[in-house]
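Please read the structure below before turning to the comments.
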Amino acid sequence: MLKNYLKIKPAVAAALNKGKAVLALESTIISHGMPYPQNVETALKVEKIAKDHGAEPATIAIIDGYLKIGLTEEEIDFLGKKGEDVAKCSRRDIPIILNRKIPGATTVASTMILAGLAGIKIFATGGIGGVHRGAEKSFDISADLEELTKTNVAVICAGAKSILDIGLTLEYLETRGVPVLGYQTNQMPAFYTRESGFKVDYQMDSAAEIAELLKTKWDLGLQGGAVIANPIPKEDEANPMLIKNAISEAITEMDQKGIKGKETTPFLLAKIAELTKGDSLDSNIKLVFNNVKIGAEIAVQLSQQYQNKG
Ligand code: PSU
Ligand code: MN
């Protein structure tokens, strides 16, 4: 039975029972997306930002054979310290990591699944996975995209990194019927920078409008999530040339080393942080804060709309 697998933190369970706003947060970003100790500092600060904006944070991971919805500070610290030793867990990995009782850091795809199982509808993170450059040969397309087509959880992110092919990522989402919304922008942001040169489907300027769209989509039984693309604040943008050069150098080194599959994204993220001497990490942290703030506002609006209209 599902409830035998889930362990929901009491504060999260209480908020869910009362129909209050809850915001899901992922753990791959902690174990594989950032170095220690910035990863732990960021994860803890993010929980505070969610609370300050009216949503109960639920950082999600697999620990000791349980799907954990909401972590303690000790658990967040553990995932951050262990870093790469924690298994990166996407959809396919969930049952294995659960049964082996090893720690698993959940990606966007698996965080969506676990959030959905717990009844959480809004999830904020940094960036989603997507169609990788050269995917026509490598077939490297993140399971995050497929998850967005079937699990009813909306993801607030700062767009997709240009380690990915942003154009192909948008085409994939269009084909599979996933709405891509720009928060106060008509551009798909490129993670470290505000603009990618690609347009989003719709611009939406308020959390209320986004919550309304999500409620309507799900009321109609239109399966799947949505991508809410929230550009990094101007003052936190990274130098585009620095990022561009770091990305091409990182991709070249990845190809030379023959890195493939689930190692690809963590390798590129770490390499870019190293090449830009932490400048990219700084932007990364700031954009996550910004996404969590908007994510919490959307969660609050959505919970109010369900309470008002049912
Ligand atoms: N992009 C980032 N930071 C991250 C990730 C992506 O800027 O931490 C992580 C997320 O957890 C995302 C995962 O779900 O990488 C995608 O991995 P893959 O490309 O292997 O699906
Ligand atoms: Mn991949």
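Fair warning: this is a prediction, and the values are worked out from it, not measured in the lab. In listed order, ligands and their atoms are each counted from 1.
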- Task: Pick, from K262, H32, K88, the option with the minimum heavy-atom distance to atom 17 (O) of ligand 1.
- Result: K88
- Message: For H132, state whether at least one heavy atom is located under 4.0 Å from any atom of ligand 1.
- Response: yes
- Query: Heavy-atom distance to atom 21 (O) of ligand 1: which of G126, G261, G159, S142 wins?
  - Reply: S142
- Sort out for me which residue in E41, M34, K45 forms a side chain to side chain contact (heavy atoms under 4.5 Å, CB included) with I285. M34
- Considering only heavy atoms of F191, which atoms of ligand 1 have at least one such atom less than 4.0 Å away? 7 (O)
- Query: Taking the minimum heavy-atom distance to atom 16 (C) of ligand 1, which of T107, L268, D144, T264 ranks first?
  - Reply: D144
- Under 4.5 Å between side-chain heavy atoms, hopping through other hydrophobics if needed: is there a path connecting L287 to L164? yes
- Query: Is there a nitrogen or oxygen of G33 sitting under 3.5 Å from a nitrogen or oxygen of ligand 1?
  - Reply: no
- Item | Y192 six-ring centre to K244 NZ/CZ under 6.0 Å and within 45° of normal | no
- Message: How about NZ on K20, more than 12 heavy atoms from neighbouring residues, nucleotides or ligands closer than 6.0 Å, or not?
- Response: no
- Note on the structure: The N/O/S atom of D140 lying closest to the Mn ion (ligand 2) is OD1
- Between E212 and K215, does a salt bridge (Lys or Arg N to Asp or Glu O under 4.0 Å) hold up when you go through it step by step? CA-CA 5 Å; E212 199 171 23; K215 183 168 182 296; over 6 Å; no
- Of L269, I29, L287, the one whose closest heavy atom lies nearest atom 4 (C) of ligand 1 is L269
- Message: Less than 4.0 angstrom from a charged side-chain N to a carboxylate O is my criterion; do K257 and E253 meet it?
- Response: yes
